[in-house]
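These notes are about the structure you will find just below.
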Amino acid sequence: MIGIRIAGGVLTVAAAAAATACTASDQPAPATAPTAVTAPMPTTAAQPPTESLTPLIQQALPNVQGKTFTSAIVTLPPGSRAAPHRHGEAFVYAYVLDGTVRSQLEGQPVTTYQQGQNWIEQPGAHHVLTENTSATERARLLVVFVADPGAALKTDDQ
């Protein structure tokens with residue numbers, strides 16, 4: 001009984017702390033839904049599933065005039081492949097949180113990245129391959145964009 005009261009008290013304190021932290025004026029603004037959010041598309045036998053992007057935070061960089069920092073989690077379902085795309089003039093950093101991802105930038109060799117590995121993409125890079133190598137496990141990436149405010153963060157090829 002005492003354990004239940006303690007656990008309940010801990011949850012109450014944690015919820016109050018989280019609510020207070022979210023209202024503090026020095027906290028960065030939560031991510032707005034950037035135009036680059038990619039919703040999972042329905043799959044068919046001919047089309048593998050695709051990635052989804054969940055924004056985490058979006059904040060103007062105070063010491064870099066005219067640039068915004070945006071972070072997001074990209075989830076690649078088992079067997080999924082993203083459409084070839086570009087990130088405009090954004091500088092991109094990607095870190096593999098879970099799973100294994102095969103990636104290729106135009107003119108570069110195909111590279112396989114596992115949990116804990118990372119890469120960067122220069123502004124204007126053409127990302128021709130992004131896929132989850134597993135048919136049974138999801139892959140997740142932490143992706144950071146440094147871009148112009150309001151810029152599209154991902155544009156799929158036509």
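Of all heavy-atom pairs between G99 and V96, the closest is O-CG1, 3.4 Å. Residue G79 comes nearest to P49 through the heavy atom pair O-CD, 4.0 Å, listed as atom of the first residue, atom of the second, then distance. A135 approaches P78 most closely through the heavy-atom pair O-CB, 3.3 Å. Summarising the geometry of P55 relative to A72, their closest heavy-atom pair is CA-CB, 4.0 Å, with the distance given to 0.1 Å. Nearest heavy-atom pair across A147 and A90 is CB-CB, 3.7 Å.
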### Task
Applying side chain to side chain contact (heavy atoms under 4.5 Å, CB included), run through T130 and V101 and close with a yes or a no.
CA-CA 7 Å; T130 311; V101 176; 4.2 Å; yes

### Query
Would H127 and S103 satisfy side-chain hydrogen bond (donor to acceptor under 3.5 Å, both in side chains), going step by step from the backbone distance to the final call?
CA-CA 8 Å; H127 206 152; S103 178; 2.7 Å; yes

### Task
I would like to know whether T70 and L153 meet side chain to side chain contact (heavy atoms under 4.5 Å, CB included); could you show each step before the answer?
CA-CA 9 Å; T70 303; L153 299 179; 3.8 Å; yes

#### Entry: Stepwise salt bridge (charged side-chain N to carboxylate O under 4.0 Å, His left out) test for E121 and R86
CA-CA 10 Å; E121 297 178 29; R86 296 178 191 272; over 6 Å; no

### Task
Dump the intermediate steps for side chain to side chain contact (heavy atoms under 4.5 Å, CB included) on L61 and V146, then the final yes or no.
CA-CA 9 Å; L61 289 171; V146 176; 3.9 Å; yes

### Message
Quick one, F91 with V144, criterion side chain to side chain contact (heavy atoms under 4.5 Å, CB included). Give me CA distance, side-chain angles, the key distance, then yes/no.
### Response
CA-CA 8 Å; F91 175 83; V144 173; over 6 Å; no

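Proximity of K67 to D148: side-chain heavy atoms (C-beta onward) are separated by under 4.5 Å at one or more points. With a 4.5 Å cut-off on side-chain heavy atoms, S71 and I57 count as touching. Side-chain contact between Y95 and V143 is absent, with no heavy-atom pair separated by less than 4.5 Å. In this structure, K154 and D156 have side chains that are in contact, with non-hydrogen atoms separated by less than 4.5 Å. Put simply, the side chain of L129 reaches to within 4.5 Å of the side chain of V110, judged on heavy atoms.
Of the inter-residue distances, the one linking I73 atom CD1 with L141 atom CG reads 8.5 Å to the nearest 0.5 angstrom. How far CG of L97 is from CZ of R140: 5.0 Å, rounded to the nearest 0.5 Å. One finds the CG atom of L56 at 6.5 Å from the CG atom of L142 (value rounded to the nearest 0.5 Å). With values rounded to the nearest 0.5 angstrom, N132 atom CG is found 9.5 Å from R102 atom CZ.
Both L76 and W119 belong to a single network of hydrophobic side chains, linked directly or stepwise wherever heavy atoms of I, L, V, M, F, W or Y lie under 4.5 Å apart. The hydrophobic cluster containing Y93 does not contain L105, counting ILVMFWY residues as joined when their side-chain heavy atoms lie under 4.5 angstrom apart, directly or transitively.
The stretch residues 108-118 participates, sequence neighbours left out, in no side-chain hydrogen bond (donor to acceptor under 3.5 Å, both in side chains) pair at all.
Note: H85 and H87 have perpendicular aromatic rings, judged against thresholds of 30 and 60 degrees for the angle between ring planes.
Qualifying side chain to side chain donor-acceptor pair (under 3.5 Å) partners for R138, counting only residues two or more places apart in sequence or in other chains: none. Under the side chain to side chain donor-acceptor pair (under 3.5 Å) criterion, E106 pairs with H126, not counting sequence neighbours.
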